[in-house]
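Structure first, commentary second.
Everything numeric in this text was worked out from a predicted model, so none of it was measured.
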There are 2 protein chains.
Amino acid sequence: MTSAALHPANTRTRILDVGERLFVKHGYDGTSLRMITGEAQVNLAAVNYHFGGKEALMEAVLKRRLDWLNEQRMRVLDELEAAGDGLPPRPHKIVEAFFGTLIGMGCNKDLGGQIFLKLIGRSFTSPNGFIRALLAEEYREVVERYKQAFINALPDVPRQEVAWRFQFMLGATAYALAGSDFLQVSVQFDSDELPEEQTRRLWSRLYSFLVGGMRAPIPDEDLLPPQAFALASTASADDDSPPPGGGFPP
Amino acid sequence: MTSAALHPANTRTRILDVGERLFVKHGYDGTSLRMITGEAQVNLAAVNYHFGGKEALMEAVLKRRLDWLNEQRMRVLDELEAAGDGLPPRPHKIVEAFFGTLIGMGCNKDLGGQIFLKLIGRSFTSPNGFIRALLAEEYREVVERYKQAFINALPDVPRQEVAWRFQFMLGATAYALAGSDFLQVSVQFDSDELPEEQTRRLWSRLYSFLVGGMRAPIPDEDLLPPQAFALASTASADDDSPPPGGGFPP
DNA sequence: CACGTTTTAAAATGAACGTTTGAATCATAC
DNA sequence: GTATGATTCAAACGTTCATTTTAAAACGTG
């Protein structure tokens, strides 16, 4: 008799919750089914029974949140366009609709909270192809619609440019969410601050940064990169000499 | 006799080159020493002999590029400050110095090219603690100096704000470099374009986005996030009902 | 040529991995 | 009470992993 009574939910949900947390902490490859089932206090075979395998579990973990998120995003954009009397929504409102909806999930434990924000932030650059493929498929419809909304809202900006800036915004957001140690070095957290309060501060700052980037002047096509581009002479990156004595080899 | 004559360099460098490429393709956890030594056509034990182990190999792969990159960054900022007659460099020149130096490496095969850009882009959010710790240590000095340069260049922007925007810029850059499939869906590449040309176009677009974000108005502290924040009623993310018939369980 | 460094080869270690299996257990309806 | 289907369980499967240990072979250099 394992003490399942201590836990809030059934086996399936417990696996999803623990899996979500451990996939964030150690990555997909770095998380074993034994770690998950051990912490969730369920049997090892339960994952295969309920989901069919490790990949299918990851898929279920992601879809549980993404389905809700993308429905919400569609609904918010619906309302935005309905309120405009035929006029396209302003760019900053579209930014708010797409990214604000995501960040908002960080304040709601029932929606995964900050754990899910980290998971989604890291999944975009996962080395596992099936994760990126799943995300691309889950996001395709929503991204297509929002991209069109941006294009309509910014008639003077070339379509290509809009697509790139969407990409940059996604990156700045995903990266801020992924929350590396790096951030904690470079940015001083008020350590006794609630996560929800942290998330709100993050949002106000991210929001103005994204809108600022989205409204930037169209880049000069002929802009030349700095001197570092295409320099070949000063580079001696390969070190063919043997390692210094005392280190390896022994 | 394995055909070592086909390869351009010695064992050490061949391991570093193949390791760099495979760590990008499959991630650190997803790359085995057998994959590396097999593709590099060196003995399995060579990694342990030359580097001491898998982690030490990853460390060597990263340091080979980062040492050069950070020296270059220091040098460029030196020149920028020397040319200013006591005046602090303009913000957009600092952006160019920090991120342009990085992007420029993508055009130089001897410096790792786009492979290294992807590696560094993904390493920041790696689930492996020692990788993030290594990056934090390698970047500490340079980031501290550039952050101070930004603060001097933007006397009206609070220090905290500068740190956050630095973080956002890093994210947008790292994410653009990590180059998920997502980007290739959302952005149409001219497929017969040279990687160097791609990198130059990326830079001009990224540059204007970053500068635009850096110059955005200071965010309103009391900005309230959209309706998605702290909503709890409509959420029913947990599905405790058994899976539908036909799927799992069998 | 001789010597120390580097590379190769093959084998073995112990641990951890995802997955499978068949029996035991539980809840529920007859 | 017992039959039934869903769930949980302990145990084992075969594979792969990083690492270590042998030893001999190839190499560059004084």
What are the two closest heavy atoms between A:Tyr139 and A:Leu66, and how far apart are they? CE1-CD2, 3.8 Å
Roughly, in whole Å, what's the span from CZ in A:Arg12 to P in D:dT8? 11 Å
Within this structure, what is the CD-to-P distance between A:Gln41 and D:dT8, rounded to whole angstrom? 13 Å
Measure up the B:Phe98 and B:Phe166 rings against each other and bin them: parallel (under 30°), tilted (30 to 60°), perpendicular (over 60°). perpendicular
Would you state whether a donor and an acceptor, one from the side chain of A:Asn43 and one from the base of D:dA10, lie under 3.5 Å apart? yes
B:Tyr49 vs C:dT6: side-chain N/O to OP1/OP2 distance below 4.0 Å: yes
What dot-bracket string describes DNA chain C from 5' to 3', counting Watson-Crick and G-U wobble pairs whose defining distances are under 3.5 Å, with [ ] for crossing pairs and | for pairs to another strand? |.|||.||||||||||||||||||||||||
Measure CZ/B:Arg14 against P/C:dT6 and give the value in whole Å, please. 15 Å
Test salt bridge (charged side-chain N to carboxylate O under 4.0 Å, His left out) applied to B:Arg64 and B:Glu59, B:Glu20, B:Glu138, the passing residue: B:Glu20
Residues of residues 21-34 of chain B with a heavy atom under 4.0 Å from any atom of DNA chain D, listed by number, are B:Thr31, B:Ser32, B:Leu33, B:Arg34
Just wondering, do A:Ile131 and A:Met58 contact through their side chains at under 4.5 Å, heavy atoms? yes
Calculate the interatomic distance between A:Asn48 atom CG and D:dC9 atom C1'; express it in whole Å. 14 Å
Find the distance B:Leu44:CG to D:dT21:C1' and express it as a whole number of Å. 12 Å
So, does B:Tyr28 use its side chain to make a donor-acceptor pair with the main chain of B:Ser123 at under 3.5 Å? no
Would you say the side-chain atoms of A:Arg132 pair up with the backbone N or O of A:Ser126, donor to acceptor, closer than 3.5 Å? yes
Side-chain N,O (A:His50) to OP1/OP2 (D:dT8) below 4.0 Å: yes
Which of B:Leu16, B:Val18, B:Leu44, B:Val42 passes side chain to side chain contact (heavy atoms under 4.5 Å, CB included) with B:Ile36? It is B:Val18
For residues A:Met74 and A:Val142, determine if any side-chain heavy atom of one lies less than 4.5 Å from a side-chain heavy atom of the other. yes
Quick check on DNA chain C: between A:Lys54 and A:Ala45, whose nearest nucleotide comes earlier from the 5' end? A:Lys54
Test item: B:Arg73 and B:Leu102 side chains (from C-beta on) under 4.5 Å apart, heavy atoms: yes
